[in-house]
Amino acid sequence: MSTKIIMIRHGFSDANKAKVFTGQSNIALTDVGLEQARLCGEFFREWCPCSASGQERTERIWDHGISRIDAIYASDLKRAYDTALPVGEALSLEVEKCADLREIYAGEWEMMPFVEIDEKYPEEYGVWKNDIGRAICVGGERVADLSRRVLDAIRNIAVRHDGGAVVLVTHATPIRAACAAASGLDACDMGRVPWVSNASISIFEFDGMLKAIETNIVAHLGQLKTDLPKNV
């Protein structure tokens, strides 16, 4: 059997606003991010089959073979967990924390402005910008190791909920790693897939292999759609 994996990137955070490399620093959502999280919750409330007001959305989720959602997991970092809470409330599910869904540990780059990283570590940051799959954060985690960590977590959760559907609320680089794997790419080729937006929704299927169904869904955000700066 297969498991549907619905991944959500956290909402717009204080670090996103300040244009710093957040990594695993425990940063809060901005007011915009909190509103994006609320809109994610409303999106799933409409998807829920028990919601009389959500018939059109419910039919859409059934088109993807999803009639119910069994569990919701989130990175234990505040910006992801706080994005997950309105979704859990909408689905009447308790959010389970999963540290393996964390963003990359950025070492010396944690909470450093992107422009400063570019000045102090031009060679290493150049790899991040131009060949991210081969990048190593100075004093921190390899992108390849993040990819392995996140894909192992997805695999374990998918097996635990075999035949069902789960929501995973996480971060930009983990979702990029998932998108690369779903495209049949190794971690070193992650640069061939784009970043997803804050509070975007991406749907995958896992049947021993990860396959993308629909990625970077942002229609629920309206005018509140936000993006990473280009090439960060």
Side-chain angles (χ1 to χ4, degrees), residues 1-11 36 39-40 43-44 46-47 56-75 80 83-84 87 91 98 100-104 131-135 143-221 225-228 230-232:
M1 298 181 73
S2 65
T3 307
K4 296 298 192 301
I5 306 291
I6 304 167
M7 300 186 77
I8 304 174
R9 185 185 166 208
H10 67 78
Q36 289 174 331
L39 291 171
C40 284
F43 184 74
F44 280 87
E46 291 179 4
W47 264 12
E56 182 177 349
R57 288 289 189 190
T58 300
E59 289 174 356
R60 181 181 179 192
I61 199 166
W62 283 345
D63 287 343
H64 293 320
I66 305 171
S67 59
R68 74 181 194 282
I69 293 172
D70 302 303
I72 176 168
Y73 296 83
S75 157
T83 301
V87 179
L91 297 172
C98 177
D100 284 338
L101 294 176
R102 284 185 174 196
E103 182 55 277
I104 195 166
D131 194 9
I132 187 172
R134 301 180 191 278
V143 169
D145 291 338
L146 169 137
S147 179
R148 189 176 303 109
R149 161 168 62 83
V150 171
L151 294 176
D152 283 348
I154 292 172
R155 184 180 302 107
N156 291 338
I157 291 169
V159 169
R160 191 177 310 150
H161 298 281
D162 187 30
V166 295
V167 172
L168 310 183
V169 186
T170 181
H171 306 264
T173 319
I175 296 175
R176 198 174 189 186
C179 288
S183 299
L185 300 174
D186 293 331
C188 62
D189 292 319
M190 192 189 302
R192 292 169 59 183
V193 300
W195 297 108
V196 297
S197 301
N198 290 106
S200 62
I201 297 167
S202 298
I203 305 172
F204 302 86
E205 182 176 34
F206 183 87
D207 60 0
M209 300 280 290
L210 196 63
K211 303 171 185 175
I213 297 175
E214 187 173 1
T215 60
N216 202 33
I217 299 166
V218 293
H220 58 293
L221 300 174
K225 176 180 177 290
T226 55
D227 294 300
L228 280 170
K230 290 186 182 300
N231 238 4
V232 300

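All residue numbers refer to positions in the sequence shown, counting from 1. From a predicted model like this one, the values you see are computed outputs, not experimental measurements.
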Engineer: Between K211 and A182, which heavy-atom pair has the shortest distance, and what is it?
Structural biologist: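 Between these two residues, the closest heavy atoms are C-CB, 3.9 Å.
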Engineer: Hey, could you give me the CZ/CZ distance between R9 and R176, rounded to the nearest 0.5 Å?
Structural biologist: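 These two atoms lie 11.0 Å from each other.
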Engineer: Could you tell me whether the side chain of I72 reaches within less than 4.5 Å of the side chain of V87, counting heavy atoms only?
Structural biologist: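 Yes. Closest side-chain heavy atoms under 4.5 Å.
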Engineer: Is any side-chain heavy atom of F204 less than 4.5 Å from a side-chain heavy atom of T215?
Structural biologist: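 Result yes, sub-4.5 Å side-chain heavy-atom pair found.
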Engineer: Say whether, by atom type as modelled, one donor and one acceptor occur between the side chain of S147 and the main chain of V143 under 3.5 angstrom.
Structural biologist: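 Not a single qualifying donor-acceptor pair exists.
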Engineer: Identify the heavy atoms of A177 and L146 that sit nearest to each other, and give their distance.
Structural biologist: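 Closest approach of A177 to L146, heavy atoms only: CB-CD2, 4.2 Å.
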Engineer: Test H10 against N198 for side-chain contact (heavy atoms from CB on, under 4.5 Å), laying out the working first.
Structural biologist: CA-CA 6 Å; H10 67 78; N198 290 106; 3.9 Å; yes
Engineer: Quick one: list whatever passes side chain to side chain donor-acceptor pair (under 3.5 Å) with D70, sequence neighbours left out.
Structural biologist: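 With sequence neighbours excluded, D70 shows a side chain to side chain donor-acceptor pair (under 3.5 Å) to R68, given in chain and number order.
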Engineer: What is the distance from atom OG1 of T3 to atom CD1 of I154, rounded to the nearest 0.5 Å?
Structural biologist: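 Between T3 OG1 and I154 CD1, I get 11.5 Å after rounding to 0.5 Å.
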Engineer: Looking at every non-hydrogen atom in both residues, tell me the closest pair between A165 and I66 and how far apart they are.
Structural biologist: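 So the two residues come closest at CB-CG2, 3.8 Å.
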Engineer: Do T83 and Q36 have side chains that get closer than 4.5 Å, going by heavy atoms?
Structural biologist: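 Sidechains of Q36 and T83: no contact.
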Engineer: Going from CG on L168 to CD1 on I157, what distance comes out if it is rounded to the nearest 0.5 angstrom?
Structural biologist: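 Result: 5.0 Å between the selected atoms.
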Engineer: Sort out for me which residue in T170, V196, V169 forms a side chain to side chain contact (heavy atoms under 4.5 Å, CB included) with I8.
Structural biologist: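 Among T170, V196, V169, the one that satisfies the side chain to side chain contact (heavy atoms under 4.5 Å, CB included) with I8 is V169.
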Engineer: Without swapping roles, check the side chain of H220 against the backbone of F44 for a donor-acceptor pair under 3.5 Å.
Structural biologist: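 Such a contact is absent between H220 side chain and F44 backbone.
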Engineer: Grab the two heavy atoms, one from A153 and one from L101, that are nearest each other, plus how far apart they are.
Structural biologist: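 That would be CB-CD2, 4.3 Å.
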Engineer: Using every non-hydrogen atom in the two residues, find where V218 and S197 come nearest and quote the distance to one decimal.
Structural biologist: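 It is CG1-CB, 3.9 Å.
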Engineer: Taking the side chain as everything from C-beta on, heavy atoms only, tell me whether D100 gets closer than 4.5 Å to D152.
Structural biologist: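 No; the side chains remain at least 4.5 Å from each other.
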Engineer: Step by step, would you call W195 with I132 a side-chain contact (heavy atoms from CB on, under 4.5 Å)?
Structural biologist: CA-CA 11 Å; W195 297 108; I132 187 172; 3.6 Å; yes
Engineer: Atom NZ of residue position K225 - does it have more than 12 heavy atoms of other residues, nucleotides or ligands inside 6.0 Å?
Structural biologist: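 Yes, NZ of K225 has more than 12 neighbouring heavy atoms, counting only those of other groups under 6.0 Å.
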Engineer: Counting distance only, does the side-chain N/O of E103 pair as donor-acceptor with the main-chain N or O of T173 below 3.5 Å?
Structural biologist: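 Checking the backbone N and O of T173 against the side chain of E103, a donor-acceptor pair under 3.5 Å is found.
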Engineer: Suppose we screen for side chain to side chain donor-acceptor pair (under 3.5 Å). Which residues come up paired with R102, at least two apart in sequence or across chains?
Structural biologist: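 Side chain to side chain donor-acceptor pair (under 3.5 Å) list for R102, sorted by chain: Q24, D76.
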Engineer: When rounded to the nearest 0.5 angstrom, what is the spacing between CD1 in I217 and OG in S202?
Structural biologist: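 Rounded to the nearest 0.5 Å, the CD1-OG separation comes out at 6.5 Å.
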Engineer: Distance from M7 atom CE to I175 atom CD1, nearest 0.5 Å?
Structural biologist: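 One finds 5.0 Å between CE of M7 and CD1 of I175.
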Engineer: How many angstroms lie between atom CD1 of I5 and atom NE2 of H161, to the nearest 0.5 angstrom?
Structural biologist: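 Between atom CD1 of I5 and atom NE2 of H161 there are 8.5 Å.
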Engineer: On a heavy-atom basis, which atom in C40 and which in A199 lie closest, and how many Å separate them?
Structural biologist: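 Heavy-atom minimum between the residues: SG-O, 3.4 Å.
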Engineer: What residue pairs, at least two apart or across chains, pass salt bridge (Lys or Arg N to Asp or Glu O under 4.0 Å) with a residue in residues 180-203?
Structural biologist: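 Listed by first then second residue: nothing to list.
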